[in-house]
Amino acid sequence: MLCALADRGQASPRFAVPLNCNRDQLPAGPPSSIIGAQPGPTRIEELFMRRYDLIIRGGTVATAADTFSADLAVKDGKVAALGLGLDGADREIDATGHFVLPGGIDTHAHIEQIASNGMLNADTFETATRSAAFGGTTSVICFACQHRGDSLKAVYEDYSARARRGAIIDYSFHLLLTDPTPTVLNEELPPLVAEGNASIKVFMTYDLMNIGDEALLDILLKARELGALVAVHAENNGMISWLGKRLVERGYTDAKYHAVSHPRASEPEAINRLIAFAELLDQPVIVYHVATGEGAAVIREARGRGVKVYGETCTQYLFLTAQDLDRPGGEGAKWVCSPPLRTTADQEALWQALALGDLQLVSSDHAPYTLDERGKYAHGHVPSFKRTANGMPGLETRLPMLFDAMVTRGRFGINKFVQWTATEPARIYGLGDRKGTLAIGADADIAIWDPSQRVTLTDDLVHDNTGYTPFAGRTITGWPTTVLRRGETIIADGECQAAAGSGAYLPRRGGEAATPSGRLSPEFDPERNFGAKLY
Ligand code: DUC
Ligand code: ZN
Ligand code: ZN
């Protein structure tokens, strides 16, 4: 059996002091329990033997920094020990021949989200997070999505209640603002950020979602005051809207024209503008789903100047291209997402940007729609790209696709795999004190990977509610066979063992990534602006 679950039930009759056990830390007990020959184990021996809840034995542990052979012990949901020959647990998992990795953290997923046109996406918190768990992801940051006229507080409470009911993995929220009124910014936002939702998302495109330049400045400034990171969908709305109309007027409505309708320049233009704003106010930002080499280059240049700008790309931009949209009979709708899929040259540029640290993480941008009239085909079976729901599923396939490319095929290796999918997401979004690595005291969120398991991705293999995967037909090697969330096995033997609602809310502070650099722009620096106090 791959990665057998060996439930010992009883402590081993052999008394063995765990290698990392420090006798000074023994709990106080009567001396008689230490001295003297006894027929059975003493109380202290018992305590030694049952020191851990679980030992994952014989695996290869990898973090963003190291790869080493070790047993990993779990106690009370936390990593309690890493060492050789650990002993004394109620339960063991044999991980011989497997990688023992931190569970993935997906910081960009749309779950049970209502679009601006009222369409509900395909997944519930239960189905989305179950599919994430099957793919080795144990934490997710999704959105509390405000639409114009909504109270942010009411929106947040609604998403929060639904997540509490359904989530199987741990979760957190970005506060997605489309209507930053003074009430929202000054009354609703501050307590929500303080409660632990220290990231704000905004759109620079979409007619019903985008916020204009002045509102973006207002939000950046407010985020600076509150210590929140601002995450941005950066594309130029005017270019997209203008070119889209022109294409439709001329009858170019197939899915493939979606890629044409978002001119390449729309991405670097918006990223450049965003960075200019962020630099003006000295407010850290993260650019979502960078899809072009030019977009990544703008980030590289700004980071080189010391601007606190981070960048994310997504699985689909590393493995798919605009050619995937070119299918007959409306099938291309499956691959309609924004920004659109680009070229193989962009894929190379994005890998390079990750390698250079210009981009720091790879998310799924899971935005699931069914292949029927409730989703992708709400406007007919061969819908105009302009009327096709934007997005594709990816929570489950993100890690296996990347593992295959990075570990199995050897591009950048296991440590970068962990870094870009778990450690950096945790660091940037303020979860680094408990998630994203395997260290003593961290949450025991663990994915045990069989590096030799070959899997052909098919539409019915994945567990979300869309009924398809954009990567169908690919055979990849490496799969997470056992997944633990805070020490509890949630996936084993192809089954999900976790109950809906067993995922926990993860409050997040802004942390270092969201802290302004302190390098004031001339306009905001009283020493250079004739003494004006603008913060
Ligand atoms: N942007 C996202 O981030 N997700 C889905 C669609 C979109 O435009
Ligand atoms: Zn977006
Ligand atoms: Zn998204």
Side-chain angles (χ1 to χ4, degrees), residues 105-123 128 132 137 140-147 159 171-178 199-211 216 219 229-237 239-241 244 255 258-259 261-263 266-271 274 285-292 295 310-317 320 325 333-342 359 361-370 375-376 378 385-395 398 425 429 464 466 470:
I105 301 178
D106 197 333
T107 56
H108 184 164
H110 303 264
I111 300 180
E112 219 169 309
Q113 191 169 315
I114 304 156
S116 55
N117 63 5
M119 184 184 285
L120 185 63
N121 79 22
D123 274 313
T137 288
V140 66
I141 311 183
C142 50
F143 300 92
C145 176
Q146 181 207 31
H147 292 295
Y159 277 89
Y171 62 91
S172 184
F173 291 102
H174 306 290
L175 303 168
L176 199 169
L177 295 186
T178 59
S199 49
I200 296 165
K201 189 227 175 144
V202 292
F203 283 97
M204 293 172 79
T205 187
Y206 291 128
D207 291 343
L208 295 176
M209 310 280 278
N210 92 85
I211 46 159
L216 177 53
I219 290 171
L229 188 63
V230 177
V232 182
H233 179 133
E235 289 187 289
N236 178 299
N237 193 50
M239 291 166 95
I240 294 166
S241 161
H258 174 66
S261 76
H262 289 231
S266 65
E267 183 174 85
E269 187 286 322
I271 296 176
L274 168 69
V285 293
I286 180 163
V287 184
Y288 267 170
H289 46 48
V290 177
T292 63
Y310 305 92
E312 161 206 273
T313 191
C314 308
T315 328
Q316 55 270 35
Y317 302 114
L320 298 168
L325 290 156
K334 290 181 190 170
W335 289 271
V336 170
C337 64
S338 288
L341 303 172
R342 299 294 185 183
L359 306 179
L361 52 95
V362 185
S363 306
S364 70
D365 194 2
H366 181 81
Y369 294 97
T370 48
K376 289 281 184 184
F385 72 84
K386 265 295 181 196
R387 312 203 73 190
T388 303
N390 267 251
M392 58 177 73
L395 265 168
R398 175 184 72 124
Y429 286 105
D464 64 54
T466 60

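Read the numbers this way: they start at 1 and go in the same order the structure lists the ligands and their atoms. All figures in this text were calculated on a predicted structure; none of them were measured in a lab. What you see below is based on every heavy atom in this structure, not just the backbone, and it leaves out hydrogens, waters and symmetry mates.
- A donor-acceptor pair under 3.5 Å links the side-chain atoms of H258 to the main chain of C337, judged by distance alone.
- Close N/O approach between Y206 and ligand 1 is found [any backbone or side-chain N/O within under 3.5 Å].
- Within ligand 1, counting atoms from 1 as listed, the ones closer than 4.0 Å to a heavy atom of H289 are 1 (N), 2 (C), 3 (O).
- Here SG of C314 is found 11.5 Å from CG of L320. Values are rounded to the nearest 0.5 Å.
- One N or O on the side chain of H366 and one on the backbone of G394 form a donor-acceptor pair closer than 3.5 Å.
- Distances below 4.0 Å separate heavy atoms of H108 from the following atoms of ligand 1: 2 (C), 3 (O).
- In the vicinity of K201, heavy-atom distances shorter than 4.0 Å reach the ligand 1 atoms 3 (O).
- Formation of a donor-acceptor pair under 3.5 Å by the E267 side chain with backbone atoms of T292 is found in this model.
- Of the inter-residue distances, the one linking Y429 atom OH with L229 atom CG reads 6.0 Å to the nearest 0.5 angstrom.
- The angle subtended at the Zn ion (ligand 2) by NE2 of H289 and ND1 of H233 is 90°, given to the nearest 10°.
- Note that K201 lies outside the cation-pi zone of Y288, set by a 6.0 Å cut-off to the ring centre and a 45° limit from the axis.
- A side chain to side chain donor-acceptor pair (under 3.5 Å) with H289 holds for exactly one of H108, H233, E312; it is H233.
- Side-chain N or O atoms of N390 include one that pairs as donor or acceptor with a backbone N or O of S338 at under 3.5 Å.
- Rounding to 10 degrees, one finds that the Zn ion (ligand 3) sits at the corner of an angle of 110° between H108 NE2 and H110 NE2.
- Around atom 2 (C) of ligand 1, the closest heavy atom drawn from N121, D365, N390 belongs to D365.
- Neither the backbone nor the side chain of E312 has any atom closer than 4.0 Å to an atom of ligand 1 (non-hydrogen atoms only).
- In terms of distance to the Zn ion (ligand 3), the nearest N, O or S atom of D365 is named OD1.
- Given atom 1 (N) of ligand 1, the protein heavy atom at minimum distance is H233 ND1, 3.2 Å.
- Heavy-atom contacts of S338 reach the following atoms of ligand 1: 1 (N), 7 (C), 8 (O) (cutoff under 4.0 Å).
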